[in-house]
Structure formats: structure tokens, C-alpha cells
**Q** 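Quick one: the structure is below, questions incoming.
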Amino acid sequence: MRMKATIAAAAIAFGTLVAAGPAPAEEPVKLAYVDMQKALNESRAGKKALGELQKLMEERKSGLQKQKEALEKKKDELDKQGLLLNEETRKGRESEIRTLERDYSRTLSDLKEEFGRRENEFTDGIRKDLLKVIEKIGKEGGYTLVLEKQYSAILYAPASIDLTETLIKRYDADGAR
């Protein structure tokens with residue numbers, strides 16, 4: 001939702017600038033863009049956050065793997081013994097397997113949700129800091145508008161107006177996080 005509002009605001013601002021055109025006494029319109037995802041992934045703080053998230057995922061994945069192995073073991077046992085068991089015992093084991101499958105599915109769903117939430121926690125602060133650096137770069141460089149590469153529908157732009165590397169270097173140099 002927030003991204004759509006940002007895109008709409010950028011489109012309106014850009015449309016206004018293009019429609020109005022530069023006034024004779026004003027400076028020409030100067031545009032640039034940044035790839036925020038690349039800046040997040042390649043900055044020191046972004047790499048650190050990604051490492052922490054991956055470490056957390058590995059820890060959780062081992063528990064999930066154990067749960068899956070237990071489920072598979074129960075299924076194999078039932079397949080091997082199914083015909084030898086009386087109906088009541090077989091139904092009891094089938095019920096147990098369904099419960100294990102539900103638990104596994106719930107755990108998997110909960111983990112996906114947790115990872116999404118944790119990723120947002122890790123990246124929100126970095127994203128806010130990156131925006132502050134972009135604002136500084138924009139003001140210092142005299143840019144009229146700095147767009148986000150992936151969400152502002154840039155269909156073509158020369159690499160010369162890409163500020164992503166400048167953003168990463170500046171952000172890392174500022175000692176952020």
C-alpha cells in the first residue's frame with residue numbers, strides 16, 4: 001500500500017514537471033534513480049541483516065526438518081504395517097498422521113510469516129537511513145527528482161543517472177548501523 005502511494009506521488013510529481021516544463025530562468029529538470037533493493041543487499045548494514053536473517057532461518061529449518069522426518073517415519077510405518085493392523089489401530093494411526101501433517105503445515109506457515117516480519121524489521125531501519133542519504137545526495141547534486149528503479153516504472157534510463165553505487169558508498173561511509 002505504501003509503495004503504491006509512493007509510486008503515485010512520484011508519477012504525479014514527474015507529470016507535473018514534464019507538463020510545466022522548465023521556466024526560462026529556472027534550472028533544467030535533473031533526474032536520477034536508485035535501485036533500493038540493490039542498495040539494501042549490497043550495503044554493509046544490508047549484508048549484516050541478511051546474514052542474521054539467514055542464520056535465523058537455518059536455526060528454524062532444522063526444527064522443521066525434524067518434524068517432517070517424524071511425519072514421514074509415521075507414514076512409512078503405516079504403509080508397511082497397514083494391512084496387518086486391525087481397523088481401529090489403523091484409523092488411530094491415520095488420525096495421528098493427519099494431526100502431524102496439520103502441525104507441520106501450521107509450523108511451516110508460521111515460519112514463513114515470521115521470516116517476512118523479521119525481514120521487515122531488519123530492513124525498515126536501513127531503508128529509512130538510505131532515504132535520508134538519498135535526500136542528501138539529491139540536494140547536493142541538484143536533482144529535481146530521484147526515482148526508485150523497480151517501483152517507478154522506469155522503462156529506460158542511462159546508467160549515468162543511476163545513483164545506486166553512490167548511495168551504497170555514501171551510506172557505508174556514514175557508518176550507518
Side-chain angles (χ1 to χ4, degrees), residues 1-12 33-134 146-157 159 162-165 167-169 171-172 174-177:
M1 184 69 168
R2 187 172 49 173
M3 192 57 69
K4 288 181 182 179
T6 304
I7 294 169
I12 291 169
Y33 69 92
V34 296
D35 185 337
M36 287 292 283
Q37 192 61 50
K38 180 179 178 182
L40 270 169
N41 291 340
E42 294 183 13
S43 66
R44 280 194 306 259
K47 287 177 183 176
K48 180 182 175 190
L50 184 60
E52 290 174 14
L53 187 61
Q54 287 175 337
K55 182 180 173 185
L56 179 67
M57 288 174 68
E58 289 303 316
E59 291 171 3
R60 297 291 202 283
K61 219 160 75 168
S62 66
L64 187 64
Q65 185 62 31
K66 287 177 185 174
Q67 197 175 4
K68 183 177 181 180
E69 288 170 2
L71 173 62
E72 294 301 320
K73 183 179 176 184
K74 291 284 186 186
K75 284 182 177 181
D76 288 344
E77 288 173 1
L78 182 62
D79 286 344
K80 290 176 184 173
Q81 300 172 354
L83 297 174
L84 303 175
L85 300 174
N86 66 37
E87 187 175 340
E88 186 179 320
T89 304
R90 188 177 45 76
K91 284 183 179 183
R93 290 192 182 173
E94 287 172 349
S95 176
E96 182 182 355
I97 289 172
R98 281 192 300 275
T99 300
L100 290 172
E101 286 174 332
R102 265 193 316 270
D103 290 347
Y104 176 77
S105 180
R106 253 186 233 129
T107 302
L108 184 61
S109 177
D110 290 348
L111 285 177
K112 286 179 183 179
E113 185 180 315
E114 179 185 0
F115 291 137
R117 190 177 64 252
R118 288 291 184 96
E119 183 179 25
N120 287 338
E121 289 172 7
F122 283 135
T123 60
D124 279 350
I126 298 169
R127 195 178 312 272
K128 288 175 185 174
D129 291 342
L130 285 170
L131 289 172
K132 290 175 187 175
V133 175
I134 291 169
V146 177
L147 302 169
E148 203 292 320
K149 181 179 181 180
Q150 295 188 18
Y151 297 106
S152 59
I154 295 175
L155 301 176
Y156 168 78
D162 183 356
L163 297 176
T164 307
E165 291 302 320
L167 172 62
I168 294 169
K169 289 175 186 169
Y171 178 68
D172 287 346
D174 287 351
R177 296 190 190 263

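This chain uses plain numbering: 1 for the first residue, then up along the sequence.
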**Q** Look at K61 together with E58 and state whether they make a salt bridge at an N to O cut-off of under 4.0 Å.
**A**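 Yes, this pair counts.
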**Q** Side chains of L50 and F122, heavy atoms from C-beta outward: is any pair under 4.5 Å?
**A** no
**Q** CD1 of I168 to NZ of K38: how many Å apart, nearest 0.5 Å?
**A**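 Here the interatomic distance stands at 6.0 Å.
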**Q** Less than 4.0 Å between a side-chain N and a carboxylate O, is that true for K68 and E72?
**A** no
**Q** Keeping R90 on the side-chain end and L85 on the backbone end, is there a donor-acceptor pair under 3.5 Å?
**A**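 The answer is no, because no donor-acceptor pair under 3.5 Å joins these two groups.
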**Q** Heavy atoms, side chains only, cut-off 4.5 Å: are E42 and E165 in contact?
**A** yes
**Q** Can you name the nearest heavy-atom pair linking L100 to K74, along with the distance?
**A** CD1-CG, 3.7 Å
**Q** So, the side chain of S95 versus the backbone of K91: is there a donor-acceptor pair under 3.5 Å, distance only?
**A**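 No; zero donor-acceptor contacts below 3.5 Å.
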**Q** Determine the minimum heavy-atom distance between V34 and V146, stating which atoms define it.
**A** CG1-CG1, 4.3 Å
**Q** Would you give the length of the straight line joining atom CG of D110 to atom CG of D103, rounded to the nearest 0.5 angstrom?
**A**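 These two atoms lie 10.5 Å from each other.
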**Q** Indicate yes or no: at least one non-hydrogen side-chain atom of Q81 is less than 4.5 angstrom from one of R93.
**A**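 Yes, their side chains come closer than 4.5 Å.
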**Q** Backbone N or O of K149 within a donor-acceptor pair of the D35 side chain at under 3.5 Å?
**A**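 No: the side chain of D35 does not pair with the backbone of K149.
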**Q** Show your reasoning for whether side-chain contact (heavy atoms from CB on, under 4.5 Å) applies to L111 and M57.
**A** CA-CA 9 Å; L111 285 177; M57 288 174 68; over 6 Å; no
**Q** Do the side chain of S109 and the main chain of S105 share a donor and acceptor less than 3.5 angstrom apart?
**A**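 No, S109 side chain to S105 backbone: no donor-acceptor pair under 3.5 Å.
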**Q** When rounded to the nearest 0.5 angstrom, what is the spacing between OH in Y104 and NZ in K66?
**A**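 Answer for the OH-NZ pair, Y104 versus K66, is 14.5 Å.
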**Q** Look up atom OG1 in T123 and atom NZ in K128, then write down how far apart they are to the nearest 0.5 Å.
**A**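 Result: 10.5 Å between the selected atoms.
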**Q** I need the minimum non-hydrogen distance between A49 and I126, along with the two atoms involved.
**A**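 Residues A49 and I126, closest heavy atoms: CB-CD1, 4.0 Å.
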**Q** How long is the gap from CD on E96 to CG on L71, to the nearest 0.5 Å?
**A**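 So the CD of E96 and the CG of L71 are separated by 10.0 Å.
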**Q** Could you tell me whether E87 atom CD has more than 12 heavy atoms of other residues or ligands within 6.0 Å of it?
**A**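 Atom CD in E87 is not crowded, with 12 or fewer foreign heavy atoms closer than 6.0 Å.
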**Q** Give a yes or no on this: more than 12 heavy atoms of other residues, nucleotides or ligands lie within 6.0 Å of atom CD of E59.
**A**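 Counting neighbours around CD of E59, more than 12 heavy atoms of other residues, nucleotides or ligands fall under 6.0 Å, so yes.
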**Q** Between D76 and K73, does at least one N-O distance fall below 4.0 Å, as a salt bridge requires?
**A** no
**Q** Between A39 and T164, which heavy-atom pair has the shortest distance, and what is it?
**A**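 The answer is N-CG2, 4.2 Å.
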**Q** Answer whether the closest heavy-atom distance between the side chains of I134 and L163 falls below 4.5 Å.
**A** no
**Q** Do E52 and R118 meet the salt-bridge criterion of a basic N to acidic O distance under 4.0 Å?
**A** no
**Q** Checking the side chain of E119 only, and the main-chain atoms of L53 only, is there a donor and an acceptor separated by less than 3.5 Å?
**A**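 Pair absent, no side-chain N/O of E119 close to backbone of L53.
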**Q** Is any side-chain heavy atom of E101 closer than 4.5 Å to a side-chain heavy atom of I97?
**A**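 Result yes, sub-4.5 Å side-chain heavy-atom pair found.
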